[in-house]
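Following: one structure in structure tokens, then a few remarks.
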Number of protein chains: 2
Amino acid sequence: MTPSTILLVDDHPIVREGYRRLLDRVPHFRVIAEAADAAEAYKRYRETRPDLTIMDLSMPGAGGIEAVRHIRQWDRTARILVVSIHTRPVFVQQAFAAGSLGYVSKASGPSELLAAAAEVARGRRWVGQDVARDLALGQLDQGESALADLSAREFTILRMLIAGSAVDEIAEALHLSPKTVRNHHYAIKAKLGARTDLGLALAAARAGIDGSDV
Amino acid sequence: MTPSTILLVDDHPIVREGYRRLLDRVPHFRVIAEAADAAEAYKRYRETRPDLTIMDLSMPGAGGIEAVRHIRQWDRTARILVVSIHTRPVFVQQAFAAGSLGYVSKASGPSELLAAAAEVARGRRWVGQDVARDLALGQLDQGESALADLSAREFTILRMLIAGSAVDEIAEALHLSPKTVRNHHYAIKAKLGARTDLGLALAAARAGIDGSDV
DNA sequence: CCTCACGTCGGGCAATTTGCCCGGCCTCGC
DNA sequence: GCGAGGCCGGGCAAATTGCCCGACGTGAGG
């Protein structure tokens with residue numbers, strides 16, 4: 001079996017270090033690059049074209065989902081395993097919609113991460129144990145949380161808004177006109193049934209997003 | 001130098017694995033136990049009495065700060081190094097008030113963690129680079145629990161705003177001119193240092209108010 | 001191939017809200 | 001009595017929002 005090269009994306013050096021040491025135990029895996037944010041991830045991916053990308057969702061700036069989308073846009077065969085502290089269905093759905101092949105929770109054990117990495121590296125889809133449970137449970141309560149109605153762009157912008165970013169900052173981070181961000185902002189409020197920003201924050205909180213995301 | 005025994009506390013197995021591998025590289029350190037939550041941390045501490053405890057703050061249930069307090073209550077000489085994703089002063093202050101000896105951000109590198117661990121294991125206090133910066137900055141901008149600065153009227157209106165009431169509704173409920181409510185709203189934002197309503201919701205949430213108050 | 005639906009991206013413009021100033025009342029402590 | 005400070009409201013320019021528009025690209029279905 002030919003070795004799998006890996007790109008590691010997480011904004012915490014300590015966490016990257018942990019992954020690297022864990023993965024280095026497996027002869028089949030070779031970590032060849034690391035990145036600390038979405039932009040750097042894209043750059044490193046183009047430079048190194050790894051067989052597998054392990055991507056953390058919560059990063060400063062655009063966040064991991066945008067990075068997944070960006071990479072997949074450039075390389076439709078990119079194999080990306082998302083690792084996140086979140087197990088809520090909306091995150092998982094957004095991650096898969098963006099083009100990731102696998103999704104595991106940070107709360108899962110090392111063995112599951114290795115298993116997921118191996119599967120995704122072979123081009124197969126993988127959903128972690130606890131993530132799958134939450135997905136299944138989410139199916140039961142039909143609530144849908146209206147958050148599911150949001151498009152990918154809207155979801156990204158909502159997360160950045162909740163995180164405290166100003167419209168202009170988001171526009172710059174995403175390379176968009178402030179006007180476009182504003183229009184998305186407007187659409188989000190409409191979809192979530194919020195009249196004001198305060199209402200938006202509340203609606204988002206109810207739907208399961210808190211400021212600690214992004 | 002006699003070896004330092006270490007108790008590792010973090011609810012993410014993957015993260016524990018990372019620490020363990022990192023620490024195992026240093027002959028001087030020996031990880032002798034792990035725990036995934038506050039209760040287990042206390043139990044393990046009493047069983048093993050490690051020279052150093054490395055404690056994550058964000059854990060389900062009671063959380064890391066409670067664990068620190070609990071352990072220190074039982075053993076006033078316990079040496080605890082807190083590792084957290086947060087750098088906000090209030091977290092750091094709480095952690096030290098609870099009795100930890102060191103505090104480093106997860107965003108810092110492995111070398112800083114090792115340095116901090118070594119220092120704390122020797123009974124010396126340590127504050128990480130970026131944490132120290134945030135502490136210093138926090139000294140500058142006036143607000144700790146700026147919430148305390150709010151007058152009674154302002155506090156009432158803030159709670160109603162957070163609860164989702166519109167300005168006009170609040171005016172009616174309090175028998176005030178909408179203009180007055182608006183002026184209070186403005187003053188609140190100024191006092192809490194929030195530029196937008198979204199920011200206000202976040203600031204309030206940080207300061208300990210969530211929508212469930214009302 | 002064509003169309004239709006939909007997401008994304010932006011412009012335009014009126015209406016609303018905001019930032020920031022003002023003054024007047026009342027109460028409390030000195 | 002008098003100053004400090006909270007409360008109440010007005011006024012007005014500047015910024016933001018609500019709501020409309022069209023353009024482009026893509027993917028599904030006829």
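The structure displayed is predicted, hence computed values, not measured ones. Each chain gets a letter, A, B and so on, in the order its sequence line appears, and its residues count up from 1.
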d([atom1], [X]; [atom2], [N]) in whole Å:
| X | N | atom1 | atom2 | answer |
| --- | --- | --- | --- | --- |
| A:F155 | C:dT8 | CZ | P | 13 Å |
| A:E154 | C:dC9 | CD | C1' | 12 Å |
| A:E172 | C:dG10 | CD | P | 14 Å |
| B:I188 | D:dC7 | CD1 | P | 10 Å |
| B:K191 | D:dC7 | NZ | C1' | 11 Å |
| A:R72 | D:dT26 | CZ | P | 16 Å |
| A:L161 | D:dT16 | CG | P | 14 Å |

Quiz item: Quick one: salt bridge (charged side-chain N to carboxylate O under 4.0 Å, His left out) partners of A:R49, sequence neighbours excluded?
Solution: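 For A:R49, the residues satisfying salt bridge (charged side-chain N to carboxylate O under 4.0 Å, His left out) (neighbours in sequence not counted) are A:D75.
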Self-check item: Contacts of B:K189 that satisfy salt bridge (charged side-chain N to carboxylate O under 4.0 Å, His left out) - sequence neighbours left out
Solution: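 With neighbours one apart ignored, the set is B:D197.
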Exercise. Would you mind classifying the nucleic acid contact of A:S177 as base, sugar-phosphate or nothing, using non-hydrogen atoms under 4.0 angstrom?
Key: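 Sugar-phosphate, no base atom in range.
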Exercise. Just do the side chain to side chain contact (heavy atoms under 4.5 Å, CB included) check on A:V83 and A:Y103 with the steps written out, would you?
Key: CA-CA 6 Å; A:V83 182; A:Y103 192 114; over 6 Å; no
Quiz item: Got B:D56 and B:V9 here, is their nearest side-chain heavy-atom distance under 4.5 Å?
Solution: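 With C-beta onward as the side chain, the pair stays apart.
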Quiz item: Angle, rounded to 10°, between the helical axes spanning five pairs at each terminus of the helix from C:dC1-D:dG30 to C:dC30-D:dG1?
Solution: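 End-to-end axis angle: 30°.
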Quiz item: With the sugar-phosphate defined as primed atoms, P, OP1 and OP2, and the base as all remaining atoms, what B/S/- string results for nucleotides 15-28 of chain C, 5' to 3', for protein heavy atoms under 4.0 Å?
Solution: ---BBB--------
Quiz item: Using 30° and 60° as the class limits, which term best fits the ring planes of A:Y42 and A:H70: parallel, tilted or perpendicular?
Solution: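 Aromatic pair A:Y42/A:H70 classed parallel.
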Quiz prompt | Sequence-distant partners of B:S177, side chain to side chain contact (heavy atoms under 4.5 Å, CB included), two or more places apart | solution =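 Side chain to side chain contact (heavy atoms under 4.5 Å, CB included) list for B:S177, sorted by chain: B:K179, B:T180.
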Exercise. Considering just the side-chain nitrogens and oxygens of B:T180, establish if one lies under 4.0 Å of OP1 or OP2 belonging to D:dC8.
Key: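 No.
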Quiz item: Does B:H184 place a side-chain N or O at less than 4.0 Å from the phosphate oxygens OP1/OP2 of D:dC7?
Solution: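 The answer is no; no side-chain N or O of B:H184 sits under 4.0 Å from OP1 or OP2.
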Exercise. State whether A:E34 and A:R20 are salt-bridged, where the test is any N-O pair (Lys NZ or Arg NE/NH1/NH2 against Asp/Glu carboxylate O) under 4.0 Å.
Key: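 Looking at A:R20 together with A:E34, the answer is yes, because their closest N to O distance falls below 4.0 Å.
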Practice problem: Could you point out which residue of A:T53, A:I32, A:T48 forms a side-chain contact (heavy atoms from CB on, under 4.5 Å) with A:T5? | Solution: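 Passing option: A:I32.
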Quiz prompt | With sequence neighbours excluded, residues passing ring pair (Phe, Tyr, Trp, His ring centres under 6.0 Å) with B:H185 | solution =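 For B:H185 there are no ring pair (Phe, Tyr, Trp, His ring centres under 6.0 Å) partners, ignoring immediate neighbours.
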